[in-house]
Each structure stands twice: as structure tokens, then as C-alpha cells.
Amino acid sequence: MIINDMRFLSSILLFILILTSNSLAKDDFNKWLSNYKKYAVSQGISKKTVDQAFENTRLLKKIISYDRNQPEFIEKTNVYIGKRVNKQKVIYAKRLIKNNQNLLDKVEKKFQIPKNYLVALWGIETVFGKHKGKVDIISALATLSFDQRRSAYFSRELIVLLKLIDKKIVNLKDLKGSWAGAHGNFQFMPSSIKNYAIDYNSDGKIDLYTSLEDSFASAANYLKKIGWDKNPWGVKVKLSQQLKSNYFTYDARKLAKQKKVKEWIKMGVVIPKDFNINSNTKARLVKPDGKISEVYMVFNNYEKLLNWNRSLRFAITIGVFADLLLDV
């Protein structure tokens with residue numbers, strides 16, 4: 001009987017501690033939010049916009065957990081790709097390319113970005129627009145700004161978004177998206193909306209949520225402006241002999257040294273016979289799963305995909321998916 005009473009008391013104490021912790025977190029968040037609103041006004045954003053934007057803002061504690069457990073960093077590459085690229089998805093993507101052929105051809109011609117990459121990005125980011133996210137972006141960005149892990153980055157993104165709202169470039173009522181604050185068919189962060197989003201259909205507004213015209217053109221404009229070229233993204237390779245570990249990239253934030261393709265070949269890198277690339281093209285070797293990993297030779301466009309999402313596995317997955325859509 002005493003043991004049961006002790007368990008009951010322990011449960012009650014744990015419940016009280018959780019409630020107290022949640023209450024303290026909300027108090028801290030509210031204090032932070034009050035200060036942040038003053039900071040936003042000091043950055044030239046109107047008080048009216050600030051008050052409206054933060055009217056229903058709340059701490060979303062689950063988002064902090066999501067930020068700590070992103071699949072791009074915890075899943076093995078073959079698992080990550082397998083969950084996002086399969087036969088059905090490839091068939092569906094090819095059908096979408098045919099259904100949107102006119103628009104995609106126009107965008108490809110104007111921006112010089114192949115449509116297979118655009119559709120691959122669309123498919124991986126939001127499953128072709130089916131999962132654009134339902135999270136309140138203001139609350140998401142505020143939560144991640146309040147959290148300490150990447151506070152500076154998300155705080156800047158939130159200021160950018162508030163300025164876009166203030167200038168009526170984006171509509172506050174439309175701001176639903178991912179847990180990380182990304183919005184629309186291609187999951188643009190606020191800085192990407194500011195720098196690359198365009199009103200392609202000339203209807204007087206930038207609509208990345210429902211307009212495929214604006215969405216595709218904005219994604220293509222993004223890739224063009226950051227330096228996309230005509231080479232492939234990369235290819236899986238073999239090694240005929242061991243190479244020193246410092247020749248490989250293991251982390252998207254710490255890229256290893258580039259060498260020309262012909263130099264890698266001399267060092268024992270074996271490229272598939274049907275893969276065409278100029279031997280003077282500069283490339284890196286990537287091991288996305290650490291030292292015991294398959295090896296990919298990657299080029300400039302792979303690194304541009306890292307600008308989109310700084311994950312080795314994400315960029316490889318986009319490349320693999322895009323290659324499967326080449327024959328449309």
C-alpha cells in the first residue's frame with residue numbers, strides 16, 4: 001500500500017513539475033516576445049503590422065523537438081531516398097510534367113533550369129503541393145527565434161517576413177507552412193521570398209501557395225541567381241583504392257577540397273561508363289553517411305541544392321529523383 005501511495009505521489013509531483021516547467025517557458029517566451037516586438041518596430045516595421053502579426057502568436061514546443069530530430073540528419077541516405085522517391089512517385093511526377101508541359105517549357109527556356117529538377121524539388125518539398133504545411137509561420141519563427149540553437153538565423157528570417165507583410169508583398173492571412181517557417185509549393189523561407197520570388201503571371205501579387213506559375217518561376221529564378229549551370233548534379237562512384245579521409249565531404253557545412261574529374265580518376269575514382277562529364281570539371285567526393293558510406297562525385301549544381309537545404313542527403317535525393325525524370 002505504501003509503495004502504491006509513493007507511486008501516486010511521484011506521479012503527482014511529476015505532473016506538477018511539468019505544469020510548472022510549461023508555465024515558466026510560456027512566461028519566458030512572452031517576455032521575449034514583448035522585447036522582440038519592440039525590436040521589430042526599431043527595425044522600421046510599423047507598429048500596426050507588428051501588433052497584427054503577433055496577435056495570436058504562441059510558443060510551439062513541438063517545433064523545438066522537430067528541429068532537434070530532422071530526418072535529413074538522422075536517417076541513412078538509402079532510407080531517406082527510399083521514403084521520398086519510389087516508382088509510384090516517379091510515374092506521378094512524369095504525369096505532372098506532361099500536364100504542365102507548356103508552363104514548364106516556358107520557365108525552363110526563360111531561366112535555363114531543367115524542368116526535371118523543378119518537379120523533383122516540388123515533389124520532395126511538398127509532395128507536389130499536397131503537404132505545404134498548416135503551421136502558423138509567425139508562431140513557428142517566433143518559437144525558433146526564442147529557442148537558443150539557431151536563434152539568430154530565425155530571428156533574422158522573422159524580421160524579413162514582417163517587412164514583407166508591412167510592404168504588402170505577402171498577405172498575413174496566407175502565412176501557413178512548415179514547422180521551420182517555410183511557405184508555399186517550394187517551401188521558401190522569408191529571405192528566399194524576398195530575394196527570389198516573382199509575380200510570373202503578372203496578376204499583381206506573388207502567390208507561392210496556389211499559383212504554379214509564380215511557384216515554378218520563383219524556384220527557377222532562385223536556382224539561376226545562385227549560379228546553376230548545365231552540368232549534372234553528380235553521380236555515385238566506386239573506388240579502386242582507398243583515399244585519405246580528408247578528401248571526402250561528410251558535412252554539408254564543411255565541404256572538402258575540389259579536384260578536376262581527371263585528377264580524381266587518376267587517384268582511383270571509378271565513374272560509370274555511361275556518365276558523361278568534361279574531365280576538367282571540378283568535383284568533390286561526398287560520403288553522406290560518414291566514413292562507411294557510398295561515395296558520390298558531385299558538381300556545382302549539387303552545391304546549389306545545398307543552398308536550398310543544407311543537407312547532403314537532401315541534395316542527393318533531389319538529384320536522384322531528377323535523373324529519373326529525364327526521359328519526359
Side-chain angles (χ1 to χ4, degrees), residues 62-94 96 114 116-133 135 140 144 149-150 153 177-182 184-189 192 219 222-223 228 232-239 245 248-256 272 275 283-326:
K62 281 187 177 180
I63 282 177
I64 297 172
S65 175
Y66 296 153
D67 186 51
R68 300 292 191 275
N69 297 282
Q70 296 178 55
E72 287 85 354
F73 304 107
I74 60 176
E75 291 179 351
K76 292 294 185 183
T77 302
N78 62 336
V79 174
Y80 185 86
I81 294 173
K83 286 183 177 180
R84 290 157 183 82
V85 182
N86 54 49
K87 187 177 180 180
Q88 280 187 320
K89 202 168 182 179
V90 170
I91 292 170
Y92 187 64
K94 288 182 177 181
L96 286 172
N116 56 311
Y117 283 96
L118 295 175
V119 172
L121 276 164
W122 188 30
I124 299 301
E125 285 287 13
T126 62
V127 192
F128 312 108
K130 293 178 182 178
H131 301 299
K132 288 176 278 197
V135 178
L144 291 165
R149 193 173 89 84
R150 292 193 287 168
Y153 168 72
S178 76
W179 63 264
N185 278 292
F186 286 88
Q187 296 292 277
F188 271 33
M189 292 297 289
S192 297
Y222 182 126
L223 292 174
W228 191 270
W233 68 274
V235 65
K236 189 187 293 185
V237 296
K238 300 289 186 182
L239 302 178
S245 62
F248 300 100
T249 291
Y250 305 100
D251 186 328
R253 293 171 293 273
K254 299 176 183 177
L255 301 181
F275 184 76
R284 302 184 204 272
L285 297 182
V286 169
K287 281 190 171 186
D289 298 328
K291 292 185 178 181
I292 302 174
S293 170
E294 293 182 309
V295 182
Y296 294 83
M297 176 179 283
V298 300
F299 310 105
N300 171 71
N301 290 339
Y302 177 83
E303 295 179 28
K304 302 313 168 188
L305 292 171
L306 291 179
N307 283 49
W308 199 288
N309 184 327
R310 197 149 289 279
S311 158
L312 299 178
R313 296 180 181 109
F314 172 86
I316 289 169
T317 303
I318 297 298
V320 168
F321 197 2
D323 286 348
L324 292 170
L325 305 178
L326 274 171

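The side-chain contact (heavy atoms from CB on, under 4.5 Å) test applied to Lys254 returns Asp251, not counting sequence neighbours. Applying the side chain to side chain donor-acceptor pair (under 3.5 Å) criterion to Asp289, with sequence neighbours excluded, gives Thr77, Arg313. Listed by chain and residue number, Val237, Leu239, Phe248, Leu285, Lys287 satisfy the side-chain contact (heavy atoms from CB on, under 4.5 Å) test with Val295 (two or more places apart in sequence, or in another chain). Not counting sequence neighbours, the partners of Lys291 by the side-chain contact (heavy atoms from CB on, under 4.5 Å) test are Ser245, Tyr250. Under the side-chain contact (heavy atoms from CB on, under 4.5 Å) criterion, Ile124 pairs with Arg84, Val85, Lys89, Phe314, Thr317, Ile318, Phe321, not counting sequence neighbours.
Each of Tyr117, Tyr222, Trp122 was scored for a ring-ring contact (aromatic ring centres under 6.0 Å, His included) with Trp308, with one residue passing: Tyr222.
Glu75 is not listed as a side-chain neighbour of Asn78, based on a closest heavy-atom distance of 4.5 Å or more. Within the 4.5 Å cutoff, the side chain of Trp179 has no heavy atoms near those of the Ser65 side chain. Pro288 is not listed as a side-chain neighbour of Tyr80, based on a closest heavy-atom distance of 4.5 Å or more. Residues Leu223 and Leu121 meet the side-chain proximity criterion, which asks for heavy atoms closer than 4.5 Å.
Distance check, rounded to the nearest 0.5 Å: OG of Ser293 to NZ of Lys76 gives 7.5 Å. Separation of atoms CG (Asn309) and CD (Glu125) is listed at 6.5 Å; rounding is to 0.5 Å. Distance CE/Met297 to NZ/Lys236: 14.5 Å, rounded to 0.5 Å. We find the CG-CG distance between Leu305 and Asn300 to be 9.5 Å, quoted to the nearest 0.5 Å.
Of all the heavy atoms in Asn116 and Asp323, the pair that sits closest is ND2-N, 4.4 Å. Nearest heavy-atom pair across Ala315 and Leu306 is CB-CD2, 3.8 Å. Of all the heavy atoms in Asn185 and Gly129, the pair that sits closest is OD1-CA, 3.4 Å. Between Phe128 and Ala93, the shortest heavy-atom distance links the atoms CZ-CB, 3.7 Å. Residues Leu325 and Ala120 come closest through the heavy atom pair CD1-N, 4.2 Å. Annotation for Ala252 and Ser311: closest pair CB-N, 4.1 Å, computed over non-hydrogen atoms.
The backbone N or O of Phe186 lies less than 3.5 Å from no partner atom in the side chain of Thr126, so there is not a single donor-acceptor pair.
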Worked verdict on Asn86 versus Lys83 for side-chain contact (heavy atoms from CB on, under 4.5 Å): CA-CA 7 Å; Asn86 54 49; Lys83 286 183 177 180; over 6 Å; no
CA sep, side-chain torsions, deciding dist, call: Tyr302, Tyr296, side-chain contact (heavy atoms from CB on, under 4.5 Å): CA-CA 11 Å; Tyr302 177 83; Tyr296 294 83; over 6 Å; no
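Residue pairs meeting the salt bridge (Lys or Arg N to Asp or Glu O under 4.0 Å) criterion with at least one partner in residues 295-304, sequence neighbours excluded, are Arg284-Glu303.
Counting only N and O atoms by type, the side chains of Asn301 and Trp233 include no donor and acceptor under 3.5 Å apart.
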